[in-house]
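Notes follow once the structure below has been shown.
Atoms within a ligand are numbered from 1 in the order they appear, just like the ligands themselves. The residues of the chain are indexed from 1 along the displayed sequence. Keep in mind that this is a model prediction, so the values were computed, not measured.
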Amino acid sequence: MKKILLLQTGGTIAMQLDSGGAQINTDKWLNVIYKEMPELRRIADIEVENLFFEDSSDLNHTHWKLLAEEIFKKRKSFDGIVVLHGTDTMAYTASALSFVLQNLDIPVIFTGSQVPMSNIRSDARRNLVNAVEMATHPISEIAICFNDHLFRGNRSTKMSIGDFDAFSSPNFPPLAQIGIKINFSKYVRKDVNVEATCSPLFDDSVHVIKVFPNLNPEMLDCINLERTKAVIFEAFGIGNIPIKGKYSLLPFAEKCRDSNCHVIINSQAPYDAVDLSQYSSGRELLKLGGLSGGEMTMEATITKTMYLLGHNVDEAGFREQFMKNTAGERSKN
Ligand code: ASP
């Protein structure tokens with residue numbers, strides 16, 4: 001039987017519903033796993049470890065570091081690791097870990113639930129059974145298993161608040177579809193022969209600016225560009241921002257460049273890729289040294305930026321690494 005480690009980090013899957021809403025319940029959680037889901041032990045030899053119990057909205061890079069180091073430490077003692085995690089920032093954590101933990105040769109499968117496990121009509125049991133099953137397969141990926149799909153972690157995004165089908169990977173096919181049979185995609189990474197590394201360094205000196213009609217550039221004056229190392233625009237469509245009249249964001253982008261702050265452009269549209277060569281607004285950004293997020297999710301764009309900044313690469317190194325596919329997060333520029 002395969003040995004699987006279940007790492008608990010919190011989220012709805014670890015919560016109980018009471019009159020005050022969903023609350024983290026550490027004791028009940030362990031009872032549920034050991035007593036109420038004996039079927040898990042028919043899939044694998046399970047060991048459970050509580051790393052922390054947090055609503056995932058409260059997670060930051062200190063938790064990512066803890067989790068990455070624990071996975072790195074345990075990787076040789078288990079055939080696979082399942083991370084139980086809140087859905088709200090699951091795609092951020094999975095993306096961040098894909099940059100931190102390079103060349104892992106075991107599956108690291110994130111899962112969680114939309115409804116606490118203690119509810120009768122909860123998605124927790126199915127997600128957990130599927131995730132443990134996935135962790136027994138030869139998948140060298142950091143992935144998210146949710147509602148019968150397995151997605152590459154750094155291609156995933158939370159799409160729904162209220163539907164069991166909460167995740168999607170808009171620009172990458174699912175790694176597996178779990179039905180009566182399990183259909184794996186040809187893109188699943190296997191057989192990594194390079195030694196794994198763990199480098200959990202992040203720099204949070206980043207701003208994300210959502211572009212919208214009437215975004216007054218004066219409102220951006222309060223951003224301290226001396227303290228900022230990267231600005232990520234969540235732009236329109238293929239990577240457009242306003243470039244005319246008082247609403248032009250080009251003077252702000254120029255100020256960023258003059259302060260040695262990277263200007264990164266991603267899109268509000270989750271499907272397809274940013275291409276800055278298509279319209280004059282993108283071409284102006286390119287002239288200023290703007291970097292295209294391509295087909296990356298916002299989660300991958302933000303965590304990759306913080307990861308590269310955390311590693312103090314020089315400007316040319318940052319630009320090169322950002323545009324490159326480093327962990328399966330992008331395939332085009
Ligand atoms: N607020 C919860 C969390 O992300 C939501 C969930 O798990 O679905 O921790």
Side-chain angles (χ1 to χ4, degrees), residues 6-33 36-37 40 48-68 70-71 81-98 108-132 134-135 142-151 153-170 174 178 202 204 208 270 297-300 302-303 306:
L6 279 192
L7 277 177
Q8 176 60 273
T9 71
T12 296
I13 198 163
M15 294 185 188
Q16 283 280 118
L17 268 187
D18 65 20
S19 51
Q23 318 277 355
I24 294 274
N25 191 323
T26 50
D27 307 336
K28 289 245 172 67
W29 149 252
L30 270 183
N31 284 347
V32 168
I33 281 296
E36 290 182 35
M37 287 196 69
L40 280 186
V48 184
E49 186 182 322
N50 295 330
L51 197 57
F52 45 82
F53 281 93
E54 298 288 356
D55 186 303
S56 75
S57 318
D58 272 322
L59 301 188
N60 54 54
H61 60 90
T62 53
H63 301 91
W64 297 345
K65 181 174 189 301
L66 257 178
L67 181 56
E70 194 59 18
I71 291 170
I81 297 180
V82 172
V83 180
L84 299 163
H85 194 289
T87 59
D88 289 344
T89 68
M90 188 185 290
Y92 286 91
T93 306
S95 298
L97 261 56
S98 76
V108 173
I109 313 291
F110 280 73
T111 198
S113 66
Q114 293 282 63
V115 176
M117 190 178 274
S118 51
N119 281 35
I120 295 173
R121 236 171 35 76
S122 164
D123 51 339
R125 283 157 199 277
R126 172 160 125 214
N127 287 344
L128 189 48
V129 166
N130 283 343
V132 171
M134 287 297 106
I142 295 182
I144 291 182
C145 184
F146 221 88
N147 198 45
D148 296 343
H149 312 288
L150 185 74
F151 300 113
N154 58 25
R155 296 295 195 127
S156 306
T157 199
K158 181 171 173 175
M159 303 293 272
S160 172
I161 302 166
D163 201 300
F164 285 151
D165 205 12
F167 285 87
S168 173
S169 62
I178 307 162
F202 293 92
D204 56 13
V208 178
T297 59
M298 275 309 284
E299 292 88 333
I302 293 168
T303 55
M306 291 196 278

Below 3.5 Å, N or O to N or O, backbone or side chain included: is there any such pair between Lys158 and ligand 1? no
Among all the protein's non-hydrogen atoms, which is closest to atom 9 (O) of ligand 1, and how far away is it? Ser56 N, 2.7 Å
With sequence neighbours left out, the residues meeting side-chain hydrogen bond (donor to acceptor under 3.5 Å, both in side chains) with Lys158 are Thr87, Asp88
Shortest non-hydrogen pair, Ser95 vs Gly153, comes out as OG-O, 3.7 Å
What about Asp55: any of its N or O atoms under 3.5 Å from an N or O on ligand 1? yes
Measuring from non-hydrogen atoms of Ser113 to any atom of ligand 1, is the shortest distance under 4.0 Å? yes
Quick note on ligand 1: atoms under 4.0 Å from a heavy atom of Thr12 include exactly 2 (C), 5 (C), 6 (C), 7 (O), 8 (O)
Do the side chains of Val83 and Ile71 get nearer than 4.5 Å, heavy atoms only? yes
Parallel, tilted or perpendicular: which one describes the rings of Phe52 and His63, with boundaries at 30° and 60°? perpendicular
For atom 8 (O) of ligand 1, grab the closest protein heavy atom and report residue, atom and distance to one decimal in Å. Thr87 OG1, 2.4 Å
Quick one: which of Phe110, Phe164, Phe167 gives a ring-ring contact (aromatic ring centres under 6.0 Å, His included) with Phe146? Phe167
